[in-house]
**Student:** 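Take this structure, written in structure tokens, and hold onto it; I'll ask about it next.
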Amino acid sequence: MTSFIPISQPSITEKEVAFVTDAVRSGWVSSLGPYIADFEQRFAAFCGTRHALTTSNGTTGLHLALAALGIGAGDEVIVPDLTFVASANAIAYTGATPVLVDIDADTLCISPAAIERAITPRTRAIMPVHLYGHPADMDAINGLASKHDLVVIEDAAEAHGAEYRGRRVGSLGRCGVFSFYGNKIITTGEGGMITTDDEALYLKAKRLRDHAMSPTRRYWHEELGFNYRMTNLQAALGVAQLERIDELIRKRREIMSWYQEELGALPGVRLNRHAPWAETVYWLVCMEVDAFDEASRARFMASLRDRGVDSRPYFYPVSDMPMYSAASPTPVAHSMSRAGINLPSFVDLTRADVRHVCEQVVLSLKEVHDR
Ligand SMILES: *Cc1c(COP(=O)(O)O)cnc(C)c1O
């Protein structure tokens, strides 16, 4: 038994070492090189989209997608209040306003009813987030988008391989954006990807990613672009991870079933949702305790840490951050955020590890409640 069980760690095998070594040895260390196109083509095939474009990380991927869609100052983009702050930040980078709305308690994802209430003449786009690996209710969201002529950008940073009614996330809106940070479903160290069927959007994003350089005239730039490229080294790691993704997702589902066995029957405790139309990939193991408030949750996490088990609080509502505010209250996001923690969630956990973690969880819950 390891002495301290972290919340997350990447799964690295000899395949990853071999591919990255090959990329380094080849001399193609920057953003040209064969692994880039290979990673993009295979990731597009995995998601079921015509195109995929690598980026330097998920945040730049979101910013690039928004910029390529022409979203900017004066526009509003509707985004859930419960998400990693990058979703809202990417919108703010363009000069547009993130409109933070509430979530549904049964998915933790953006509430279609809340989207509808937030639509104004300035609304240009909706950015659903497939939170903790569970897809948002995309039929309802796409229905609203077509009714009001809005663009849908999926923030799929936490949900590689998750399915909505049999289709993979990243293929369900105008475009999808993924992250390959070290704790995501697959990693490239840092990295991101935009997926889309829209050829014009793909070509525009590709140009903006490289300082909007003219394809016919080198070092000629007609508009403001970025350097948001991934390196061939990162893509080599990504190709190795992508070859293993089915196994990695299967393992996550197995680990979640162990958590369900151990903790699923505890009164006042909720684990990850699984809507009937969803195939979730369980990015992080989620546990909400009805009795938690900010102070008791902090005591619980400290107790768990003393017992050698790492955990994380759920994201705070973005509207609580000093640079943002919500147009209307988001009670569900607030109550879920307060009640939730994430438990160790990585594919090298064994059955014995999960049993050990859950025993410590039960002891720490007792400790906090008995005070
Ligand atoms: C991780 C994450 C991002 C940002 O990805 P980075 O690669 O870390 O920039 C964006 N949105 C969500 C929901 C995320 O979890």
Side-chain angles (χ1 to χ4, degrees), residues 7-10 39 43 52-67 77-94 98 100-101 103 107-110 125-136 138 141 152-162 169-170 172-173 175-195 205 209 226-231 233-235 237-238 241-242 252 272 280-286 312-319 321 324 333 336-337 340-342 345-346:
I7 186 89
S8 185
Q9 64 186 33
F39 189 34
F43 200 78
L53 185 73
T54 47
T55 58
S56 50
N57 58 60
T59 310
T60 56
L62 287 169
H63 182 203
L64 186 61
L66 290 159
V77 179
I78 299 174
V79 63
D81 201 17
L82 191 70
T83 182
F84 182 56
V85 74
S87 317
N89 283 355
I91 297 165
Y93 297 159
T94 68
L100 300 158
V101 304
I103 56 166
T107 60
L108 296 186
C109 295
I110 195 165
I126 307 169
M127 184 188 287
V129 179
H130 307 305
L131 200 72
Y132 299 128
H134 190 292
M138 292 304 294
I141 294 165
V152 175
I153 302 143
E154 296 173 74
D155 181 340
E158 305 178 354
H160 321 53
V169 301
L172 303 164
C175 63
V177 180
F178 293 82
S179 165
F180 305 112
Y181 184 68
N183 67 7
K184 297 290 163 80
I185 300 286
I186 59 171
T187 186
T188 61
E190 294 273 4
M193 189 86 83
I194 301 173
T195 52
R209 185 185 64 173
F226 316 98
N227 172 3
Y228 282 171
R229 296 182 301 261
M230 177 183 277
T231 68
L233 301 183
Q234 292 166 307
L237 185 51
Q241 291 264 289
L242 192 54
R252 280 182 182 276
N272 300 53
T280 159
V281 289
Y282 302 113
W283 174 51
L284 291 180
V285 173
C286 295
R312 291 282 182 279
Y314 274 16
F315 299 123
Y316 294 101
V318 175
S319 62
M321 313 284 160
Y324 293 116
M336 295 299 151
S337 167
I341 67 157
N342 301 117
S345 321
F346 55 92

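Residue numbers run from 1 in the order of the sequence given. We count ligands from 1, going down the list as the structure has it; atoms in each ligand are counted the same way.
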**Student:** Listed by chain and number, what are the ring-ring contact (aromatic ring centres under 6.0 Å, His included) partners of His160, not counting sequence neighbours?
**Tutor:**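 Testing His160 for ring-ring contact (aromatic ring centres under 6.0 Å, His included), a comparison that skips the adjacent residues, returns Phe178, Phe180.
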**Student:** What about Phe180: any of its N or O atoms under 3.5 Å from an N or O on ligand 1?
**Tutor:**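 No, since none of the N or O atoms of Phe180 sits under 3.5 Å from an N or O of ligand 1.
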**Student:** Using a 4.0 Å cut-off to any heavy atom of Val129, which atoms of ligand 1 qualify?
**Tutor:**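 By the 4.0 Å cutoff, the relevant atoms are 13 (C).
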**Student:** Return the residue, atom name and 0.1 Å-rounded distance of the protein heavy atom closest to atom 4 (C) of ligand 1.
**Tutor:**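 For atom 4 (C) of ligand 1, the nearest protein heavy atom is Thr59 OG1, 3.5 Å.
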**Student:** Around atom 11 (N) of ligand 1, find the nearest protein heavy atom and jot down its residue, atom name and distance.
**Tutor:**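 Ranking protein heavy atoms by distance from atom 11 (N) of ligand 1, first comes Asp155 OD2, 2.8 Å.
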**Student:** Is a side-chain N or O of Thr195 found less than 3.5 angstrom from the main chain of Gly170, in a donor-acceptor match?
**Tutor:**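 Such a contact is found between Thr195 side chain and Gly170 backbone.
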**Student:** Check Gln234, Met193, Arg229 against Thr54 for a side chain to side chain contact (heavy atoms under 4.5 Å, CB included) and give me the one that passes.
**Tutor:**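 Considering Gln234, Met193, Arg229, a side chain to side chain contact (heavy atoms under 4.5 Å, CB included) with Thr54 is found only for Met193.
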**Student:** Pull out every atom of ligand 1 sitting under 4.0 Å from any heavy atom of Thr83, numbered as shown with elements.
**Tutor:**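 Atoms satisfying the 4.0 Å criterion: 13 (C).
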**Student:** Can you confirm whether the side chains of Arg209 and Thr60 place a donor and an acceptor under 3.5 Å from each other?
**Tutor:**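 Absent: no donor and acceptor within the cut-off.
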**Student:** Looking at Val285, is its backbone amide N or carbonyl O close enough to the side chain of Ser345 to form a donor-acceptor pair, meaning the two atoms are under 3.5 Å apart?
**Tutor:**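 Yes; at least one donor-acceptor contact below 3.5 Å.
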**Student:** What is the closest protein heavy atom to atom 8 (O) of ligand 1, and at what distance does it sit?
**Tutor:**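 Nearest neighbour among protein heavy atoms for atom 8 (O) of ligand 1, to 0.1 Å: Ser179 OG, 3.9 Å.
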**Student:** Would you compute the distance between atom CG of Leu242 and atom OG1 of Thr188 and round it to the nearest 0.5 angstrom?
**Tutor:**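 With rounding to 0.5 Å, CG (Leu242) is 11.5 Å from OG1 (Thr188).
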**Student:** For ligand 1, which atoms sit closer than 4.0 Å to a heavy atom of Ala157?
**Tutor:**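 Within the 4.0 Å cut-off of Ala157, ligand 1 contributes 2 (C), 3 (C), 10 (C), 11 (N), 12 (C), 14 (C).
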**Student:** With a 4.0 Å cut-off on heavy atoms, does Gly191 reach ligand 1?
**Tutor:**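 Yes, Gly191 has a heavy atom closer than 4.0 Å to ligand 1.
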**Student:** For ligand 1, is any non-hydrogen atom under 4.0 Å from Thr60's backbone (N, CA, C, O), its side chain (CB onward), both, or neither?
**Tutor:**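 For Thr60, no heavy atom sits under 4.0 Å from ligand 1.
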**Student:** Do Glu190 side-chain atoms and Asn57 backbone N/O form a donor-acceptor pair below 3.5 Å?
**Tutor:**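 The answer is no, because no donor-acceptor pair under 3.5 Å joins these two groups.
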**Student:** Who's closest to atom 2 (C) of ligand 1 heavy-atom-wise, of Lys184, Glu158, Met193?
**Tutor:**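 Going through Lys184, Glu158, Met193 one by one, Lys184 has the nearest heavy atom to atom 2 (C) of ligand 1.
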